[in-house]
Amino acid sequence: MPTFIVFLGPPGVGKGTQARILAERTGLPHISSGDLFREHLKNQTELGQIAQGYVNRGELVPDEVTIAMIRERLRQPDCQAGAILDGFPRTISQAQALDAMLTEFNAQVNLVPYLSAPESVLLERLSGRWTCRAQGHIYHEKNNPPKRPGICDFDGSELYQREDDKSETVLRRIRVYLEQTAPLIEHYRQRSLLVEIDGAQDIEQVTQTFLLALSHLS
Ligand code: AMP
C-alpha cells in the first residue's frame, strides 16, 4: 500500500522543513504546492501567470487550478509508493479532491501531522526565513543558519527572502489559514488521522515526535 502523508499547519510553523527531512528518511517525494507555484512563476508558464497575483497577495490560488496542478504531479511515476504533501490540501474541497484522486490510485491519506505554534513564533520564523533559489531549501537566520551566509548548504545556490514573507502579506496568509485551512484540522481529526505536534519545539524534537507517530502506522 502506498503511504500518503499530509502536513498541516499555519505558514511558518515548519511544515516544509519537516516534510523535507521525512522525505529524505523515507525516500518518498516531497510535494510542496507553494514550491510548485513558485517554479511556475519563475518559468512564467500559463499556470504561473494565473497564480502570480494570488501568491503575491498571500491569497489562495483557486481550487480548480491548484487541484489540477497536484493531480498532474501525483500522476508521476515517483509517487507510486506515496508522497509527502506540504501545503496541499488547504481547503475542504481540496481535501475532498485529494481523497477522490487517491481512491483512483488505490490509496488514501495515511497520516496528518498537524504542527501548531503561537502567532508570535510564526512571525519570528517567517521574518527570519531565507529560501534557496534553486530547490526551495529553507533556513532561518538564527535558528537554522546556512554554513555560509546567503548560500544554500545543499546546492550552493543563492538564498533569498520570499516577497510574501514580508509583514503585511504574512498577516494576510495567517488570516487565510485560519479561515480556509484550519477547518481541515477537524476534518482529519474525525477520521483519526491527525497527530498533533508542538511546532514551537526545535527542529530535531519535532522530527522525533512525528517519526514516533510514523512508526506506529505500519
Ligand atoms: P507556501 O509556500 O505553502 O506558503 O505557499 C505560497 C503561496 O502559494 C500561498 O500563499 C498561496 O498563494 C499559494 N498556494 C500554495 N499552496 C496552495 C493551495 N493548496 N491552495 C491554494 N493556494 C496555494
Side-chain angles (χ1 to χ4, degrees), residues 4-20 22-23 30-45 47-74 83-102 109 112-117 119 121-123 125-140 159-185 187-188 199:
F4 285 88
I5 296 173
V6 169
F7 272 87
L8 196 59
V13 78
K15 298 185 299 296
T17 300
Q18 297 297 336
R20 257 176 205 283
L22 189 58
H30 167 213
I31 300 180
S32 153
S33 44
D35 282 354
L36 291 175
F37 280 127
R38 281 184 287 280
E39 197 59 30
H40 279 284
L41 258 60
K42 193 165 80 186
N43 298 329
Q44 280 295 299
T45 65
L47 196 153
Q49 283 167 12
I50 297 172
Q52 188 150 23
Y54 297 98
V55 173
N56 290 345
R57 288 191 299 272
E59 294 167 6
L60 295 187
V61 178
D63 281 341
E64 60 277 16
V65 177
T66 307
I67 291 166
M69 178 180 77
I70 293 290
R71 167 182 286 280
E72 191 48 41
R73 179 66 188 87
L74 289 179
I84 296 164
L85 293 169
D86 154 21
F88 181 92
R90 254 172 157 102
T91 62
I92 291 282
S93 74
Q94 290 181 14
Q96 288 164 342
L98 176 64
D99 286 341
M101 277 181 236
L102 295 183
V109 174
V112 181
Y114 160 48
L115 274 55
S116 62
E119 189 168 311
V121 173
L122 305 177
L123 296 175
R125 291 207 181 144
L126 290 167
S127 64
R129 176 155 85 174
W130 289 80
T131 304
C132 133
R133 190 75 76 187
Q135 296 184 66
H137 293 106
I138 301 161
Y139 299 86
H140 186 277
L159 303 181
Y160 74 105
Q161 284 194 293
R162 276 169 49 178
E163 203 50 47
D164 62 344
D165 278 350
K166 307 213 169 127
S167 59
E168 207 180 293
T169 315
V170 160
L171 293 176
R172 182 173 303 127
R173 285 163 63 208
I174 293 176
R175 203 178 63 230
V176 166
Y177 166 80
L178 292 173
E179 287 170 5
Q180 303 196 49
T181 308
L184 291 179
I185 300 166
H187 173 85
Y188 287 119

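From a predicted model like this one, the values you see are computed outputs, not experimental measurements. One-based numbering along the sequence shown. As the structure lists them, so they are numbered: ligands from 1, and atoms in each ligand from 1.
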Nitrogen or oxygen atoms of [X] and ligand 1 under 3.5 Å apart:
X   : answer
G87 : yes
Q94 : yes
S32 : no

Quick one: does Q161's side chain have a donor or acceptor within less than 3.5 Å of a partner on G128's backbone?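 It does not hold such a pair.
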
Has Q94 got a side-chain atom pairing as donor or acceptor with R90's backbone, closer than 3.5 angstrom? yes

In ligand 1, which numbered atoms sit nearer than 4.0 Å to a non-hydrogen atom of [X]?
X    : answer
S33  : 15 (C), 16 (N), 17 (C), 19 (N)
T66  : 18 (C), 19 (N), 20 (N), 21 (C)
R173 : 4 (O)
G34  : 1 (P), 2 (O), 5 (O), 15 (C)
F88  : 19 (N)

Considering only protein heavy atoms, which is closest to [atom], and at what distance to one decimal place?
atom                    : answer
atom 12 (O) of ligand 1 : E59 O, 2.6 Å
atom 9 (C) of ligand 1  : R90 NH2, 3.9 Å
atom 7 (C) of ligand 1  : V55 CG1, 4.1 Å
atom 22 (N) of ligand 1 : V61 N, 3.0 Å
atom 13 (C) of ligand 1 : F37 CD1, 3.7 Å

Would you mind reporting whether S32 and F7 have side-chain heavy atoms less than 4.5 Å apart? no

Over 12 non-hydrogen atoms of neighbours within 6.0 angstrom of CD in E168: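 Not more than 12 within 6.0 Å, no.
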
If you take all heavy atoms of [X] and [Y], which pair is closest and at what distance?
X    : Y    : answer
I92  : P183 : CD1-O, 4.1 Å
V170 : D164 : CG2-O, 3.7 Å
A19  : D86  : CB-CB, 4.0 Å
L60  : Y54  : O-CD2, 3.4 Å

Interatomic spacing from CD1 in I84 to CZ in F4 - rounded to 0.5 Å: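 Result: 10.5 Å between the selected atoms.
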
Salt bridge (Lys or Arg N to Asp or Glu O under 4.0 Å) between D165 and R173: does it pass, once the steps are laid out? CA-CA 9 Å; D165 278 350; R173 285 163 63 208; 3.0 Å; yes

Is R172 touching ligand 1 with its side chain, its backbone, both, or neither, if touching means heavy atoms under 4.0 Å apart?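 The answer is neither; R172 stays 4.0 Å or more away.
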
So is K15 touching ligand 1 or not, going by heavy atoms under 4.0 Å?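 K15: no contact with ligand 1 (<4.0 Å).
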
Strictly under 4.0 Å, does any heavy atom of R38 approach an atom of ligand 1? yes

